[in-house]
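Naming: A, B, ... by sequence-line order, numbering from 1 per chain. Note that the structure is a prediction, hence the values are computed from the model and not measured.
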Amino acid sequence: MKNNIKILILFFIAVVIASCARSQGKGGAFHSSIQIKGSDTIVNLVQVWAERFVEVNSTYNIGVTGGGSGTGFAALMNKTCDIAMSSREIEKKETVLAKSKDVNPREFMIGLDGLAILINKNNPVEKLTLQQLRDIFMAKITNWKEVGGDDLEIVILSRESNSGTHMFFKEHVLRLGDKKSNDEFSPKSLLMPSSQAIYDEVLQNPHALGYVGMGYINNNVKTISVAVNAKSSYVYPNTENVMSGKYPISRPLYLYTDGEPTGVVKMFIDYALSAEGQKIVLETDFVPVKTAEGKKF
Amino acid sequence: MKRKIIDAIIEKIIFVCGILAIVFVVLIFGFLLKEGLGFFQDFGIIKFIAGKFWYPSSSPAQFGILPLIMGSLLVTVGACVIAVPIGVMAALYISEIAPKGVKDVLKSIVELMAAIPSVVIGFVGLVTLVPLVRTLFDVPTGLTAFSGSIMLAFMAMPTIVTISEDAIRSVPWSYKEGALALGATKWQTLRRIVLKAAMPGIIAAVMLGIGRVIGETMAVMMITGNAAQIPGSIFEPVRTMTATIAAEMGETVRGGIHYKALFGIGLVLFVITFLVNFVADLFLGKSKNK
């Protein structure tokens, strides 16, 4: 009996030593891993950055997870990630909360994005004004025929409230930039867990209408042109129109760190802002930050 | 002598395990109360339960969970309407009618159904059932309470079948023999004697099935559409209480009002499942005493 216990203890010690030895890694090089969390809009972009970054600096591990900008900020404050991705600016109350938890968010603008309004390919509607979009998302317009489409009920797809895209859309389309407004998405709107889920539903449902980042535009779904009002021209969300500020619902994209970044975190952010990193921004259908410099958002 | 000591020790260990199970439930309830009650004090319990709008991240935030409760109930009731008749019939078939070979195969298949992860069920449902529901019933979107109900019925079925089957099998032979001897047909015996005698057990099975269904999260989150509206029919999107907690837990900062509100939902959910299990226990106890 006693012998058994001894053997068991020895075995556990052996396991612990073995696992320590393994984490030393190839050639004894020092391993370091960072966690990046937040906005679903740019999760694909950051994923590409992480892959290319690790190709060059093979001793590092980078974990990238989505979940929404709010999730990223919460993770930064709960200290479960090193970099938060966000498709909106950090709010004042969040900064206050962060400071109270001894976290000092530092902001890096990494690119620009236009919010694309997606509908099914079979939907004949081509263009909408901001006012029409607002009425649709507040369920004042409930049928496609009211905006020049077929006689079909509109299914509104929105993101969860932890999404930066959700917040931005609410502020700039539903409330039309009016800070005092209390307008909300209609309770009828379907809260989808990710941008991909919105895309998937639009792909197969001719009733559906949803908003996603420009990175999700492709030929299998239709992207609507948007005008500020009926008199102004309808603009399609592409790189030029977002860069020039013609597209009415565009926004900056950010990475946030706790305090001034150091070590790998700094290397990663430098890489993101480098010429090569910004080329990837363009490749993933967003707008590089360098070309938009000097333009006020 | 030695045996007695070992017996005593094992008895103690079992006793401690039993007590621990109770302690854990009490602790979970206590924790929910602690986090949830603070929220009720700040926000008001009536406003919470009867409020029609759920806008947790707006300012001022609105925390009304009536649509969420209605959503959960609608999906659960729908699942029961589908799962209970099929489940009870299947149990009856497995225990009374099926030949030995078929019975074993059916039983193991039903048990296997219980082992399918709910996220897999949800995923399959999302790809196959959701488009089908939309075209078949000509509704604007397939992400509806109805789709959720069907998927949940799948998940409740193994519980209902297994426990109903136990109840039906434990009906004494003498009942059946008596009925058959009096000239009743097999169907009459099944319907009037076996089913009736097994009823408390079957009701308990249904209640436990409901318990499983009302707490299910993953599949429901994927296919019910997550619209926090008071549903007008089963073909409309709904948002359940569980899906709300799961979807919003990540974004809340510990100690904030939104965080506490989610605990409030947890508390309501706990009370509901407690009631359901309590009723199931009542019936299960009744069937044992016979």
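A 4.5 Å side-chain heavy-atom check between A/Gln204 and B/Arg134 finds at least one atom pair inside the cut-off.
For a residue to count as touching a neighbouring chain, one of its non-hydrogen atoms must lie under 4.5 Å from one of that chain's; by this rule A/Leu97 touches chain B with the side chain only. Proximity to chain B is limited to the side chain of A/Asn182, based on heavy atoms less than 4.5 angstrom apart. The part of A/Lys101 that comes within reach of chain B is its side chain, from C-beta onward, which places non-hydrogen atoms under 4.5 angstrom from that chain. Only the side chain of B/Val130 comes within less than 4.5 Å of a heavy atom of chain A; its backbone N, CA, C and O stay farther away. Contacts between B/Pro56 and chain A at a heavy-atom distance below 4.5 Å involve the side chain alone, from C-beta outward. With a 4.5 angstrom heavy-atom cutoff, B/Pro140 touches chain A via backbone and side-chain atoms both. Interface remark: A/Ser163 contributes no atoms to any contact with chain B (heavy atom separation under 4.5 Å). Proximity to chain B (any heavy atom under 4.5 Å) is restricted, for A/Ser189, to the backbone atoms N, CA, C and O.
Between chain B and the options A/Lys170, A/Glu94, A/Met77, heavy-atom pairs under 4.5 Å are most frequent for A/Lys170. Per-residue counts of heavy-atom pairs under 4.5 Å with chain B were compared for A/Gly72, A/Ser161, A/Gly70; the largest is that of A/Ser161.
Distance CG/A/Leu191 to CG/B/Leu143: 11.5 Å, rounded to 0.5 Å. Interatomic distance, CE of A/Met192 versus CE of B/Met221, reported as 11.5 Å (0.5 Å rounding). The OG1 atom of A/Thr71 lies 11.5 Å from the CE atom of B/Met249; values are rounded to the nearest 0.5 Å. The line from CG of B/Asp138 to CG of A/Leu152 is 8.5 Å long, rounded to the nearest 0.5 Å.
Counting all heavy atoms, side chain and backbone alike, A/Glu201 lies closest to B/Thr141 at OE2-OG1, 2.8 Å. The shortest heavy-atom contact between B/Asn226 and A/Glu160 is ND2-OE2, 4.0 Å. Nearest approach of B/Tyr55 to A/Ser186, heavy atoms of both residues: OH-C, 3.9 Å.
The number of heavy-atom neighbours closer than 6.0 Å to NZ of B/Lys52, taken from other residues, nucleotides and ligands shown, is 12 or below. More than 12 heavy atoms of other residues, nucleotides or ligands lie within 6.0 Å of CZ in B/Phe137, so this atom counts as buried by the packing criterion. The environment of NZ in A/Lys222 is crowded: more than 12 heavy-atom neighbours from other residues, nucleotides or ligands sit within 6.0 Å. In this structure, B/Leu136 places its CG atom where more than 12 heavy-atom neighbours from other residues, nucleotides or ligands lie under 6.0 Å away. Within a 6.0 Å radius of CZ in B/Phe48, more than 12 heavy atoms belonging to other residues, nucleotides or ligands are found. For A/Asn219, the CG atom is loosely surrounded, since the number of other residues' heavy atoms within 6.0 Å does not exceed 12. For A/Phe108, the CZ atom sits in a packed shell: over 12 heavy atoms of surrounding residues, nucleotides or ligands are nearer than 6.0 Å.
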